[in-house]
Amino acid sequence: MSAGETGARVIRCPACGGPSLYSPDNASRPFCSARCKNNDFGAWASEGYAVPADPDPDLPEPDAEPGGALPH
Ligand SMILES: [Zn+2]
């Protein structure tokens, strides 16, 4: 399997930048806690995908009208 995975390591939490226990005991790894895990996931789902690095001309703009000015 993987080498060097016998013991727990302390890495940097991607969400808060604090120490995070990277071990099978930490279900939220690589995050330090479930809160950071959910926090980061939410940021990815909302902000991460709202800023495309390569806009496709075939795709309609997902947030062209961020208000209630939709021509419905
Ligand atoms: Zn954290």
Side-chain angles (χ1 to χ4, degrees):
M1 304 293 186
S2 47
E5 288 285 329
T6 49
R9 293 180 290 161
V10 175
I11 62 169
R12 193 175 153 198
C13 175
C16 71
S20 168
L21 185 65
Y22 194 90
S23 79
D25 198 43
N26 182 7
S28 304
R29 66 186 186 277
F31 305 98
C32 67
S33 63
R35 183 164 166 254
C36 275
K37 185 182 182 181
N38 293 330
N39 199 342
D40 188 81
F41 187 77
W44 268 67
S46 59
E47 290 178 46
Y49 281 86
V51 186
D54 237 327
D56 197 309
D58 277 341
L59 292 174
E61 293 182 87
D63 51 357
E65 298 287 303
L70 285 171
H72 226 275

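This is a predicted model, so every value here is computed, not measured.
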Ser28 side chain near Cys36 side chain, heavy-atom distance below 4.5 Å: no
Heavy-atom closest pair, residues Phe31 and Asn26: O-ND2, 2.9 Å
Rounded distance [0.5 Å steps], OG in Ser23 versus CZ in Arg9: 10.0 Å
Interatomic distance, Lys37 atom NZ to Ser20 atom OG [nearest 0.5 angstrom]: 11.0 Å
Heavy-atom pair with the smallest gap, counting every atom of Cys16 and Cys32: SG-SG, 3.8 Å
Nearest heavy atoms of Arg29 and Pro24, plus distance in Å: NH1-CA, 3.6 Å
